[in-house]
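The sequence lines fix the lettering, A, B, ..., with proteins before strands; numbering per chain opens at 1. Note: hydrogens, waters and symmetry copies are ignored here, and every other heavy atom, side chains too, is used.
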Amino acid sequence: MDYNFREIETRWQAIWRKTRIYHVENKCQRPHYYVLDMFPYPSGAGLHVGHPLGYIASDIYARYKRLRGFNVLHPMGYDAYGLPAEQYAIQTGQHPAKTTQQNIARYREQLDKIGFSFDWEREVRTCDPRYYRWTQWTFIQLFNHYYDNEVNKARPISELVSKIERGEWKEKLSKPWSEMNEEEREKYLMDYRLAFLADIPVNWCPQLGTVLANDEVVNGLSVRGGYPVERKLMRQWSLRITAYAQRLVDGLETVDWTDSLKEIQRNWIGRSEGAAVWFPVADHEGARFEIFTTRPDTIYGVTFMVLCPEHEMIDTITTEAQREEVAQYVTWAKNRSERERQAETKKVSGVFTGAYAINPLTNERIPIYVSDYVLAGYGTGAIMAVPAHDSRDFAFARHFNLPIRQVVAPSADEVSDPSTWSESLDSKIGVSVNSDFITGMKVKEAMSAVIKRITEMGIGFKTVNYRLRDAIFSRQRYWGEPFPVYYKNGMPYTIPEECLPLQLPDITDFKPTANGEPPLGHAKMWAWDEKERKVSATNAIDNKNVFPLELSTMPGFAGSSGYYLRYMDPTNDEAYFSKEAVNYWQNVDLYVGGAEHGTGHLIYARFWNKFLFDLGLAVKEEPFQRLVNQGMIQGRSNFVYRSKNDSNLFISKNIAGREETTVPIHVDINIVNNDILDIEKFRQWRPEFADARFELEDGKYVCGWEIEKMSKSMFNVQNPDDLVERYGADTLRLYEMFLGPVEQSKPWDTKGIEGVFRFLRKFWKMFCVEDDGCHLTTFDPTRDELKILHQTIKKITEDIERFSFNTSISAFMTCTNDLTALSCNNRRVLEPLVVLIAPFAPHIAEELWHKLGNQNSVCDAEWPKYDEQCLVEDTVSYPVSFNGKMRFMVSLPADANADDALAAVKAMPEGQKWLGGAEPKKVIFVPKKIINIVL
RNA sequence: GCGGAUAUGGCGUAAUUGGUAGCCGCGCUAGACUUAGGAUCUAGUUCUUCACCGAGUGGGGGUUCGAGUCCCCCUAUCCGCACCA
C-alpha cells in the first residue's frame, strides 16, 4: 500500500475538526504550557511559504509538549486592523471589513491545509467589537491612571488628585489647586495621565494622511509605502511609555530571549546616565535653561551652548541684532523634511543668538547658538558644547571658529594644543586637566565629583535620560479602533466603561474630509449623547447633551498589545479575561515570531502587560517568557533587461552589457525555470509585453536573479498551497524545518523537497502497511535495533528542547536508513518512532498509529523515554597520540584504565610500533577521550 | 560612527560543546531494472592523487598533548541604531 498523503491528510484533518481534538480547557490536572505565534495581518496576497515557518516550529513544540503531558494552549487569530485594507478601500471602494473578512477566510483555508494544532475556538480578531471593546477599555484605564514614581507603578489619577488636595503632592502647580477651574485642573492632570492628549512633534506623512510612531518610520520614510515623513507639531493622543522605560530595561534581565534582541531593545530605550545642569542666561534676570550631559566631568571645557531650533527660550534671549538671522534659520530648519535633515547630518549649520550663558562653575560668559544638530526630542533640547571632547561640538567649533579647550587627557602630561587636532578626544579613559578642583581625577571620579558639587550648589543633579519617546497613539485613519473619547468644551472625556464597545461606524468614503479631518468625519452620526449614554441617534448639534466623538482611531499596535491575554478567555464579555484564566495560564511560555517586531510590538506589548500588571490583572510582569525569532524566508527574484532605445527589446543577461538597458525588471518566477525565461508565457504575462522581442544567448533568454524579500510586488512569492497539493502537508512541514535553523534567514529553494518526500515514503514503507494494518513482528528487538531507537529518542528529545528541528529531521532520516538496512520490521522498535515523528508530521503519524491498531489519537500517546542501558558502548575508541601527534585509534573496553591503555598500545601490530621498545616518559589517559604518550 | 551576529565541500547544513571535520539532504558520477525516463534501487562523491603521502573549517597569530570549537588582531557579509549630547 502506497503512501497516499492526499487521502490521509484530508481524512485526518476532518477527524480532528469533528472531534475537537485541539480544544483545550482552562482547567486541568496536568501542568500548563502556553505556545504563541505572532498572529498575522491577513493581507490580500495570502500566505507565502515564509509565514508558516514560525507556525510549524511552534506547532512542533506545542505538540511535543502535549505528548510530554502538558495542557497546551496554542491559539491563533488575526491582527485585522491596518493600513493596507484601508488603502485598498480608497482605491476600490470596497469596505475594509469586507476585504478583511475575505482575506481571513483565505488565510484560514491555507492554514488548515498545513495541519496545525490550533484551538480555533479561541480565535481572536482585533477588529471584532467583542475584542476591541477591551482595547478601548484598556485605553480608558490608561487615561485614568498616572505613574507614581515613588511606588514605581501606575496608580489611579484620583489618588493624584487627593494627594494634591491633601498637600502631599511635591510637583509644582502653576497656582493653588483650589483656585483652578475644571479646565485648568484637567490641563494639569493631562501631563500625568498615561494616555494623554498633547501638542507634540510628530511624524506626519502627507501621502498616508496620518501620523506615525517612531518604529513606523525608517530613514525618514514610512515603513508602509515608503513615503516621506515630516516633523510637525500636532495635538495627538500618546501613551506615556517613557514612564516605564526603566522597568522595560530591567525586565529584559528576567526573560529568555536572544541577547541580540535584548540589545536591540536596550538600544531603542537608550538609557544613559548623566547630569542635568542649569545654565543661567547672562543679562536676563532669572532666566536659565536646563541641559543634559553624560560627561559632567568636561564642564570646564564648555566654550559655547547650543539650543535646538524648537527651543522655547530662543525668542526671549535672542538680541535685536541677531533676531532676523535667527528667525530665518529657525524657519529654514523647521521646514526641512526629516529625510533632508538626516541626509545632511555632516553639514554644519547654525546661528549665534547674540546671548550668553554663564558657566555656573567658572562664571564665564559663553555664547549661545542655535543649531539643528541638537534635537528637540532628546534630553532638554539644549546642550553644553565641549568641542575638545565631542566630535559634533568639535565640527561646530571649527566651522564657527570657536575656542576649543582640552580638559581631559590620556595622562596628565599628554596635554597638547587643540588647534592642532584633527578630531576631538572622546575617550572616557584619561584624567581631567585644566579643570579646577577635579584636575588629576580619572574621568569616572571626576564625573561623580562634579555631580556632587552641582548638587550641593543647587544648580543640577544626577539623572538618567532615555532615548525612548512616548508612543503616539492617534492615527487619522478609519480602519482601527475608535477612541472611547468625546469632547466637551474642548476637553476630552472618556465614555463610561459599561457603554463599551464603542462600535466603529460604517462609512463609504475612506478619504480625509474636505476640511482635512480624518475619515470618521464622514460618519453621519458620530457624536456621544451623554444623557442617553450612547452614540447619538440624531447628531443634533443643538442638543446640549450631544458631544463630538474623537475622529482619529488607534494604531495597529493597540490591538496586538494585549491579544495573548485574551486568548486565555476569548469569549468573556464581563472582563478582558477572568482571574481564573490568567491565574491558570500565567503568561506566554514560548513566543515565536519575527525579530522585525523588536522595537515595535514587542516593546508595546511589554508596556501594556506591565500596566495591566500594575492594575492587578496580569499576574506576570513580563508577557513572553521565552522568545524565539524565526528567520525570514527570502525570495529569489528573476529579472529581464529592457533596452533603453527600444522598449520592446529584451536582452539576455550575459549580453545585456552590449547596449544600454533600463533598470532590471522583475518577472514572475513562475514563468522562469532555472533562470531561463519562458518567452511565450512572458508575452502572455502582461499586455505591454505582448510584442516583446528578444536578444538571446545560445538560443535562450537568461534572466538575472537576486535574493530579496518575498513579496507580491517582486513576483517571487512561493505559495504553500501548491506544495501541499504536490507533496502533502507533512512533507511541507518537514521541508520548511529541514531548510536550516529556524532562527536563520534563508532564501526559499524547493530543490531539496524531493529528498524529504522520499524520506516520508521510506518511513511509511518501513511499517509494511496494508489495508488491514501493519504487518510487523513482536520478537525481542536486537541490540542494534534498540540502540538505534534509543539514540533517536534521545536526539529528537534534546533537539526539540533547543528548537533545533533541522537536526531532528536529519536524525529521523539516519534512523530510517539504518533500520531499513537492518530490515527491521519490529513493532516494539517502530511504534515509538510514530510518536516521535507525530509533532513533525502529524498526519502520517496519526495514520500509522491507527494502522498499528491504536484506538486513540497519537496526540494522546506518551512521549517515549530512552533507556540509557541501550546506549552504553561496550568499547570506546581512543585516539592515540605520541608527543601530541595523532597516530592511530585503539579500541578499549568502556571501563578501561591507564594501565589497560598502555598495554593495548604496546600490543599494537608491528607496523604501528611507536617506541622501539623504549618505555614512555608519561601516559596521559583521559577516560573516553584520549590516550597520549609522551616519549 | 556605535552595537549585535555570522563565515565549514558544487549547494543547504552537521559535529556528543576541546577529542578521527563533513552526519542528513540536494546536486553530481557510475551501475542495475527499463522501449524510455525528469520513476525506483545500489555504489561513490572535501581537495590533490591511479594509489600512497599530503593539505583542509574566511586570513594571520596564540593557548593546548590536541582547536571548526577558547583568546588576540585583521577581512568580508548580514542585521539593528544613528547628529541621542
Would you mind telling me which of [options] lies closest to the side-chain atoms of [X]?
X        : options             : value
A:Thr807 : B:A85, B:G25, B:A15 : B:A15
A:Tyr378 : B:A85, B:G12, B:G4  : B:A85
A:Pro741 : B:G12, B:A85, B:A14 : B:A14

Would you mind classifying the nucleic acid contact of [X] as base, sugar-phosphate or nothing, using non-hydrogen atoms under 4.0 angstrom?
X        : result
A:Ser272 : sugar-phosphate
A:Pro747 : nothing
A:Gln744 : sugar-phosphate
A:Arg761 : sugar-phosphate

Legend entry - Rounded distance in Å between the P positions of B:C11 and B:C50: 24 Å

Inset, instruction - Determine the Euclidean distance between corresponding C1' atoms of B:C24 and B:C72; express it in Å to zero decimal places. - result: 36 Å

Legend entry - Integer-rounded Å distance: B:C11 C1' and A:Phe738 CZ: 12 Å

Legend entry - Of A:Gly379 and A:Asp749, the one whose closest RNA chain B nucleotide lies more 5': A:Asp749

Which one is paired to [N], where only Watson-Crick or G-U wobble pairs with both distances under 3.5 angstrom count?
N     : value
B:C81 : B:G1
B:A36 : none
B:G22 : none
B:G31 : B:C41
B:A7  : B:U75

Inset, instruction - Summarise how protein sits on nucleotides 77-83 of chain B as a single string, 5' to 3': B when a protein heavy atom is under 4.0 Å from the base, S for sugar-phosphate-only contact, - for no contact. - result: ---SSSB

Legend entry - Phosphate OP1/OP2 of B:G25 contacted by A:Asn806 side-chain N/O (<4.0 Å): no

Legend entry - A:Arg758 side-chain N/O to B:C41 phosphate OP1/OP2 under 4.0 Å: no

Legend entry - Electrostatic pair A:Lys794:A:Glu868 at N-O distance under 4.0 angstrom: no

Inset, instruction - For the pair A:Glu801 and A:Lys795, find out whether any cationic side-chain nitrogen is under 4.0 Å from an anionic carboxylate oxygen. - result: no

Inset, instruction - Please tell me if the side chains of A:Tyr369 and A:Leu307 come closer than 4.5 Å, counting only heavy atoms from C-beta onward. - result: no

Legend entry - A:Arg606 to A:Trp257 six-membered ring, cation-pi geometry met (6.0 Å, 45°): yes

